[in-house]
Amino acid sequence: MPQTACPAAGTMFTPTGFSPHLAICSDADTEEEEGPRESPGPGAWPSDGPPITSASLDTLIQHLVPTTDYYPEKAYVFTFLLSARLFISPPELLARLCETCIKQQHLDQSPLDTAKVRKFGPKILQLLTEWTETFPTDFREEKMVGLFKDIIHRIAPCDEAYWKTLNQVLQTLNQKLAAITQGEESIVRVNTSSVSSISDKLVAFKAKPPPIQKDMLSICHDPYTLAQQLTHVELEHLSNIGPEEFVQAFVQKDPLDSSQPCFSDQKKTTNLEAYVRWFNRLCYLVATEICMPAKKKQRAQVIEFFIDVARECFNIGNFNSLMAIISGMNMSPVSRLKKTWGKAKTAKFFILEHQMDPTGNFYNYRTALRGAAHRSQTANSNREKIVIPFFSLLIKDIYFLNEGCANRLPNGHVHFAKFVELARQVGEFMTWKQIECPFETDRSILHYLHTAPIFSEDGLYLASYESESPENQVEKDRWKALRSNILGKTKELKEHHGS
């Protein structure tokens with residue numbers, strides 16, 4: 001299992017670029033300072049100072065507050081907005097931010113200091129705009145939008161352009177939220193319409209012509225084309241995952257167990273879970289396609305086809321589909337087909353397996369991922385910018401980052417260095433997920449990927465035993481039990497339809 005050491009703060013990626021410094025003093029020098037004020041404020045902390053280690057939540061919030069002559073670094077804004085929800089809900093954080101701004105800028109007094117507000121106004125607008133762009137789902141709550149409108153309402157008398165900017169930001173926000181909702185609903189429809197497991201009765205008739213279901217090679221015979229369509233599916237899933245979903249891994253023993261609440265759980269990990277389900281589906285689809293053909297030669301052809309698809313995924317930078325294909329081909333019902341594998345040309349497969357070898361905490365894969373990331377940074381075309389990481393490993397990295405480091409230190413301070421590392425990992429992901437897929441869509445292939453029936457685990461074993469007979473008594477007993485069970489279900493199904 002991959003494990004991540006407790007981080008020391010360093011450089012970090014954010015969705016808007018690379019920030020070489022993220023500095024803040026700890027509370028050791030500021031514990032006696034109380035209450036919001038204009039200066040010296042967070043802006044007095046040197047940007048070239050030591051990297052952040054820890055601070056109280058109040059100090060971290062104060063560092064987020066813009067003033068007339070200070071604005072927090074983008075890296076800090078992303079890191080704090082990402083991690084703060086572990087300690088305070090987004091509406092409460094925004095309420096405290098607005099309250100501090102009102103007191104510091106005297107926005108509750110009349111008349112306002114116009115010159116001062118005109119220096120402060122663009123900065124608070126910029127901060128709230130960044131918030132809506134990076135964490136739009138926070139603003140699904142009406143309270144969030146209400147607080148946004150209220151703070152702008154207070155500064156608008158000094159410059160009516162603030163109202164125009166507010167309306168533009170809210171319009172963009174609503175469009176983004178509508179797109180997110182549409183994407184989520186699309187995933188739900190796909191999950192509902194997809195046949196999660198093919199009726200295992202098909203296995204009993206798999207040797208009888210004509211074919212009772214289509215197969216992948218009848219839909220797509222070109223490995224590169226299929227790799228492109230798999231990339232479409234991957235990027236569509238990635239586009240729906242917000243950075244706040246990763247925070248769930250910090251409050252759950254199982255990163256995909258949504259039973260434990262946190263302040264970001266309005267959305268929980270719905271899109272993240274859907275992405276993991278897609279990975280599992282692709283694994284089983286590959287295994288089904290290999291086990292379905294009645295003839296050994298056909299099964300060998302399918303194996304060679306998916307080896308070529310996996311290679312094309314590697315070349316594209318689609319490591320998630322690559323790992324799903326390799327995992328599907330390594331499932332026991334597939335790997336036991338020794339005669340079939342003996343017919344297939346597998347040299348390329350073993351090379352790909354080596355690239356995804358878990359040895360050394362997936363050292364080979366991580367090296368390839370760094371290469372793809374470097375290519376993406378220097379690329380001139382979207383085709384070269386694609387980086388789709390092996391997602392389950394990314395989640396486990398984040399999970400073990402949490403397991404290895406406490407969120408708070410013994411003195412109660414927030415262990416911010418931990419969240420700088422979290423932001424680095426999530427920030428890279430956010431950069432990669434924004435790439436638009438450069439390949440044309442093939443609706444017939446996409447439809448097949450989403451809806452083609454797949455075998456359950458029992459169905460795969462039965463199909464495997466039907467293809468190549470059991471080799472020992474354990475396999476023979478299992479084969480017998482599976483046939484009895486599935487044929488019994490088939491009989492019940494026929495009687496049901498007959499009545």
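No hydrogens, no waters, no symmetry mates; every other heavy atom, side chains included, goes into these values. All values derive from a computational prediction rather than experimental measurement. FYI, the numbering just counts along the sequence from 1.
- Geometrically, Arg85 engages Phe135 in a cation-pi contact defined by less than 6.0 Å to the ring centre and at most 45° from the axis.
- Considering only residues two or more places apart in sequence or on other chains, Ser327 meets the side chain to side chain contact (heavy atoms under 4.5 Å, CB included) condition with Phe279, Cys283, Met323.
- Checked against a 6.0 Å centroid threshold, the rings of Phe362 and Phe319 do not count as neighbours.
- A donor-acceptor contact shorter than 3.5 Å links the side chain of Ser218 to the backbone of Asp215.
- In terms of heavy-atom proximity, Glu141 sits nearest to Pro91 at OE1-CG, 3.4 Å.
- In this structure the side chain of Leu81 never reaches within 4.5 angstrom of the side chain of Thr134, judged on heavy atoms.
- The backbone N or O of Ile398 sits nowhere less than 3.5 Å from a side-chain atom of Asn402 that would complete a donor-acceptor pair.
- The closest donor-acceptor contact from the side chain of His415 to the backbone of Ala406 lies under 3.5 Å.
- A donor-acceptor pair is defined here as one N or O able to donate and one able to accept, closer than 3.5 Å; such a pair exists between the side chain of Glu304 and the backbone of Lys345.
- A distance of 13.5 Å separates CH2 in Trp479 from OG in Ser484, rounded to the nearest 0.5 Å.
- For Thr340, the side chain to side chain donor-acceptor pair (under 3.5 Å) criterion is met by Arg299, Glu468, not counting sequence neighbours.
- With rounding to the nearest 0.5 angstrom, the CD atom of Glu312 is 10.5 Å from the CD1 atom of Ile325.
- For Asn472, the side chain to side chain contact (heavy atoms under 4.5 Å, CB included) criterion is met by Val474, Glu475, not counting sequence neighbours.
- Checked against side chain to side chain donor-acceptor pair (under 3.5 Å), Thr378 has no partners two or more places apart in sequence or in another chain.
- Under the 3.5 Å distance criterion, the side-chain polar atoms of Asn361 are left unmatched by any main-chain donor or acceptor of Tyr363.
- Nearest heavy atoms, Cys437 versus Thr231: SG-CG2, 4.3 Å.
- By the side chain to side chain contact (heavy atoms under 4.5 Å, CB included) test, Thr172 pairs with no residue at all, sequence neighbours left out.
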Next item on the list: Kindly determine whether Tyr275 and Asn240 satisfy side chain to side chain contact (heavy atoms under 4.5 Å, CB included), including the steps that lead there.
Entry: CA-CA 9 Å; Tyr275 192 31; Asn240 292 325; over 6 Å; no
Under 3.5 Å donor-acceptor pairs involving side-chain atoms of residues 381-391, not counting sequence neighbours:
unit_1: Arg383; atom_1: NH1; unit_2: Tyr224; atom_2: OH; d: 3.2

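- Distance check, rounded to the nearest 0.5 Å: CD of Gln228 to CG of Leu226 gives 9.5 Å.
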Checklist line | Test ring-ring contact (aromatic ring centres under 6.0 Å, His included) applied to Phe246 and Tyr399, step by step | finding: CA-CA 9 Å; Phe246 289 93; Tyr399 172 67; over 10 Å; no
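- Residues satisfying the ring-ring contact (aromatic ring centres under 6.0 Å, His included) test with Trp341, not counting sequence neighbours, are Phe349.
- Checking side-chain atoms of Thr225 against main-chain N and O of His221 turns up no donor-acceptor pair under 3.5 Å.
- Under the side chain to side chain donor-acceptor pair (under 3.5 Å) criterion, Asn280 pairs with no residue at all, not counting sequence neighbours.
- Between Phe80 and Phe419, the closest side-chain pair of non-hydrogen atoms is not below 4.5 Å.
- Interatomic distance, CD of Glu353 versus CG of Asn364, reported as 12.0 Å (0.5 Å rounding).
- Shown here are the salt bridge (Lys or Arg N to Asp or Glu O under 4.0 Å) partners of Glu130, two or more places apart in sequence or in another chain: Lys74.
- Annotation for Glu436: atom CD does not count as buried by contact number, only 12 or fewer foreign heavy atoms lying within 6.0 Å.
- Looking only at distances, no side-chain donor or acceptor of Lys433 sits under 3.5 Å from a matching main-chain atom of Leu235.
- The closest donor-acceptor contact from the side chain of Ser321 to the backbone of Asn318 lies at 3.5 Å or more, if one exists at all.
- Using a 4.5 Å cut-off on side-chain heavy atoms (C-beta onward), Cys220 and Gln229 make no contact.
- The aromatic ring centroids of Tyr461 and Phe455 lie 6.0 Å or more from each other.
- Using modelled atom types, one side-chain atom of Glu289 and one backbone atom of Met216 make a donor-acceptor pair closer than 3.5 Å.
- For Lys338, the salt bridge (Lys or Arg N to Asp or Glu O under 4.0 Å) test picks out Glu471, with sequence neighbours left out.
- Every residue two or more places apart in sequence or in another chain that forms a side chain to side chain contact (heavy atoms under 4.5 Å, CB included) with Val233 is listed here: His237, Trp278, Leu446, Leu449, His450.
- Between Asp397 and Arg366 a salt bridge is recorded (basic side-chain N to carboxylate O distance below 4.0 Å).
- Annotation for Trp131 and Asp138: closest pair NE1-OD2, 2.9 Å, computed over non-hydrogen atoms.
- Two residues are said to be in side-chain contact when any heavy atoms from C-beta on lie closer than 4.5 Å; Val414 and Asn407 fail this criterion.
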Note to self: Go through it in stages, so that I can follow the logic: the residues are Leu322 and Ile316, the test is side chain to side chain contact (heavy atoms under 4.5 Å, CB included), and I'd like the CA-CA distance, side-chain angles, deciding distance and then a yes or no.
What the structure shows: CA-CA 10 Å; Leu322 166 62; Ile316 288 172; over 6 Å; no
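- At a threshold of 4.5 Å between non-hydrogen side-chain atoms, the residues Arg311 and Ile307 do not count as touching.
- Arg336 and Pro470 get closest at one heavy-atom pair: NH2-CA, 3.8 Å.
- Between Ala287 and Met331 the shortest heavy-atom distance is CB-SD, 3.8 Å.
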Next item on the list: Test Asp357 against Thr359 for side-chain hydrogen bond (donor to acceptor under 3.5 Å, both in side chains), laying out the working first.
Entry: CA-CA 5 Å; Asp357 186 349; Thr359 302; 2.9 Å; yes
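- Here the straight-line distance linking atom SG of Cys313 with atom CD of Glu234 works out to 8.0 Å at 0.5 Å rounding.
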Next item on the list: Begin from the C-alpha positions of Arg483 and Tyr465 and carry the test side chain to side chain contact (heavy atoms under 4.5 Å, CB included) through to its verdict.
Entry: CA-CA 10 Å; Arg483 284 185 62 86; Tyr465 294 146; over 6 Å; no
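- When the side chain to side chain donor-acceptor pair (under 3.5 Å) test is applied to Lys348, the partners found at least two apart in sequence or on another chain are Asp308.
- The main-chain N or O of Leu460 is never found under 3.5 Å from a side-chain atom of Ser464 such that the two would form a donor-acceptor pair.
- A donor and an acceptor atom, one from each side chain of Asp458 and Ser456, are nowhere located under 3.5 Å apart.
- Considering all non-hydrogen atoms of both residues, Leu272 and Glu245 come closest at N-OE1, 3.0 Å.
- If you take CD1 on Ile351 and OG1 on Thr346, they are separated by 10.0 Å, rounding to the nearest 0.5 Å.
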Next item on the list: Report the C-alpha separation of Ile180 and Arg140 in whole Å, then their side-chain angles, then the decisive distance to 0.1 Å, and conclude whether the side chain to side chain contact (heavy atoms under 4.5 Å, CB included) test is met.
Entry: CA-CA 11 Å; Ile180 291 172; Arg140 278 174 161 164; 3.5 Å; yes
